[in-house]
Amino acid sequence: PQVVERCVAAAGYSVGEFAALVFAGALGFAEALYAVKVRAEAMQKASEAVPSGMLSVVGRREANYKFACLEARKHCESLGIENPVCTVSNYLFPDSRVIAGHLQALEFLQENARKYYFKRAKMLPVSGAFHTRLMEPAVEPLAEVLKSIEIQKPLLCVYSNVDGKKYMHSKHIQKLLVKQVVSPVLWEQTMHSVYERKQGTEFPYTYEVGPGNQLGAILKQCNLKAWKQYKHVDALEDEEEAEI
């Protein structure tokens, strides 16, 4: 309990941002769950409209992701695809990105990985180009549901995926949660914002709550000193133990 009481900041990755806002008292649990349901269904519908996906990339220092995406879009245009999408959709840690867009663009990048100084280029098991403009059809349904939900000012700092900065007030939350659907997740930048402090200042304890410890692995790559104070809490494990 004292960990919750002393908590100074929260952040959530993509859909996890709703969990962070519930934790901070900005959203009610039931309302947030409903908003997530509407968001998921709308994003799924958007992803079915265009063959698209996401490519996890680990690049060398020389990798130029913008140039690689530009060439992949040109490749799509040569195939007759109008207004193709291929862009960085998630900034994870230095030299690691997720690129999302038309399937043909991602396949092109995989085939030409060495040319673009990609050490690894692996397709993610998802059905759409999340956090790109291919998700635009999902914007309106989410905007509508968020207008009908009461949003409070958070009780503690919550950092937004859209710009890596703190949410200011309820209207700000409403606006950026909608924008997040079509904007890249600036997780690496968020990590720098959360852990920025004067030299010599101790880092806070960090708890990753939920399944898996991928965010801990990312934190280790972004800030090794902060990661040393990291712990993972698997809520499902705790429930199972309680049942036993």
**Request:** Assess the side chains of N213 and E208: does a donor N or O sit below 3.5 Å from an acceptor N or O?
**Result:** no
**Asked** Do any pairs count as a ring pair (Phe, Tyr, Trp, His ring centres under 6.0 Å) and have a residue in residues 32-71, sequence neighbours left out, and if so which ones?
**Response** Y65-F118
**Request:** Examine distances only and state if a side-chain atom of N161 and a backbone atom of Y13 form a donor-acceptor pair shorter than 3.5 Å.
**Result:** no
**Prompt:** Would Y159 and L186 count as a side chain to side chain contact (heavy atoms under 4.5 Å, CB included) if you check the C-alpha gap in whole Å, the side-chain angles of each, and the deciding distance to 0.1 Å?
**Reply:** CA-CA 10 Å; Y159 289 80; L186 305 185; over 6 Å; no
**Message:** Main chain of L92, side chain of S96: is a donor-acceptor contact present, judged purely on distance under 3.5 Å?
**Reply:** no
**Item:** Side chain proximity check, P184 to T87, heavy atoms < 4.5 angstrom
**Value:** no
**Contacts of R39 that satisfy salt bridge (Lys or Arg N to Asp or Glu O under 4.0 Å) - sequence neighbours left out** = none
**Message:** Between V50 and L124, is there shared hydrophobic-cluster membership here, with clusters defined by ILVMFWY side-chain heavy atoms closer than 4.5 Å?
**Reply:** no
**Pairwise distance CD(E188) to CD(Q221) - rounded to 0.5 angstrom** = 10.0 Å
**Prompt:** Looking only at atom types and distance, does a side-chain atom of H232 sit under 3.5 Å from a main-chain N or O of G210, one as donor and one as acceptor?
**Reply:** yes
**Item:** In one Ile/Leu/Val/Met/Phe/Trp/Tyr side-chain cluster, 4.5 Å: L109, V58
**Value:** no
**Message:** I want to check something: taking the side chain as every heavy atom from C-beta on, are S127 and Q44 in contact at a cut-off of under 4.5 Å?
**Reply:** yes
**Prompt:** Nearest 0.5 Å, what's the CD-NZ distance between E77 and K74?
**Reply:** 8.5 Å
**Complete:** Shortest non-hydrogen pair, S52 vs G128, comes out as OG-CA, 3.6 Å
**Asked** If you count the non-hydrogen atoms of other residues, nucleotides and ligands that lie under 6.0 Å from CE in M168, is the total more than 12?
**Response** no
**Item:** Side chains of E17 and V162 in contact at under 4.5 Å (non-hydrogen atoms)
**Value:** no
**Request:** Side-chain contact test, heavy atoms from C-beta onward, threshold under 4.5 Å: evaluate it for N64 versus Y117 and give yes or no.
**Result:** no
**Asked** Going through the checks in order, is the salt bridge (Lys or Arg N to Asp or Glu O under 4.0 Å) test met by R61 and D95?
**Response** CA-CA 7 Å; R61 285 285 154 92; D95 306 319; 3.1 Å; yes
**Prompt:** Looking only at atom types and distance, does a side-chain atom of Q180 sit under 3.5 Å from a main-chain N or O of S14, one as donor and one as acceptor?
**Reply:** yes
**Asked** Can you list the steps and then say if M135 with V85 is a side chain to side chain contact (heavy atoms under 4.5 Å, CB included)?
**Response** CA-CA 11 Å; M135 289 293 117; V85 172; over 6 Å; no
**Asked** Among the clusters formed by ILVMFWY side chains lying less than 4.5 Å apart, do V182 and V126 turn up in the same one?
**Response** yes
**Asked** In Å, rounded to the nearest 0.5 Å, how long is the span from SG of C76 to CG of L106?
**Response** 8.0 Å
**Prompt:** How far apart are the closest heavy atoms of S89 and M54, and which atoms are they?
**Reply:** OG-CE, 3.3 Å
**For the student: nearest non-hydrogen atoms of L219 and A226, plus distance** = CD1-CB, 4.1 Å
**Message:** For I149 versus A35, what's the shortest heavy-atom pair and its separation?
**Reply:** CD1-CB, 3.9 Å
**Asked** Quick one: side chain to side chain donor-acceptor pair (under 3.5 Å) pairs with a partner in residues 189-202, sequence neighbours left out?
**Response** Y195-T206
**Request:** Would you check if I99 and C86 make a side-chain contact, meaning some heavy-atom pair closer than 4.5 Å?
**Result:** yes
**Fill in**
The complete set of side chain to side chain donor-acceptor pair (under 3.5 Å) pairs with one or both residues in residues 98-113, sequence neighbours excluded, reads none
**Complete:** Between the CG atom in L27 and the CG atom in L33, the distance rounded to the nearest 0.5 Å is 11.5 Å
**Request:** Treating Ile, Leu, Val, Met, Phe, Trp and Tyr as nodes and any side-chain heavy-atom pair under 4.5 angstrom as an edge, say whether L103 and V98 lie in one connected cluster.
**Result:** no
**Request:** Give the minimum heavy-atom separation between A11 and A20, together with the two atoms involved.
**Result:** C-CB, 3.7 Å
**Prompt:** OG of S160 to CG of L177: how many Å apart, nearest 0.5 Å?
**Reply:** 7.5 Å
**Message:** To check you understand the geometry: which heavy-atom pair defines the closest contact between S78 and H75, and what is its length?
**Reply:** OG-O, 2.5 Å
**Qualifying salt bridge (charged side-chain N to carboxylate O under 4.0 Å, His left out) pairs with a residue from residues 147-173, counting only residues at least two apart or across chains** = E144-K147
**Item:** salt bridge (Lys or Arg N to Asp or Glu O under 4.0 Å) against E41, all qualifying residues, sequence neighbours excluded
**Value:** K37
**Item:** Residues N90, F130; criterion side chain to side chain contact (heavy atoms under 4.5 Å, CB included); working and verdict
**Value:** CA-CA 9 Å; N90 304 70; F130 305 127; over 6 Å; no
**Asked** Are V22 and L215 in one and the same hydrophobic cluster, where Ile, Leu, Val, Met, Phe, Trp and Tyr link if side-chain heavy atoms are under 4.5 Å apart?
**Response** yes
**Prompt:** Are the side chains of F203 and N223 in touch, meaning some heavy atoms are under 4.5 Å apart?
**Reply:** yes
**Item:** Rounded distance (nearest 0.5 Å) linking atom CZ of R73 with atom CG of N83
**Value:** 9.5 Å
**Asked** What do the steps show when you test V3 against Y205 for side chain to side chain contact (heavy atoms under 4.5 Å, CB included), and what is the final call?
**Response** CA-CA 9 Å; V3 168; Y205 287 102; over 6 Å; no
**Item:** Mutual orientation of the aromatic rings belonging to F108 and Y116 [parallel < 30°, tilted 30-60°, perpendicular > 60°]
**Value:** tilted
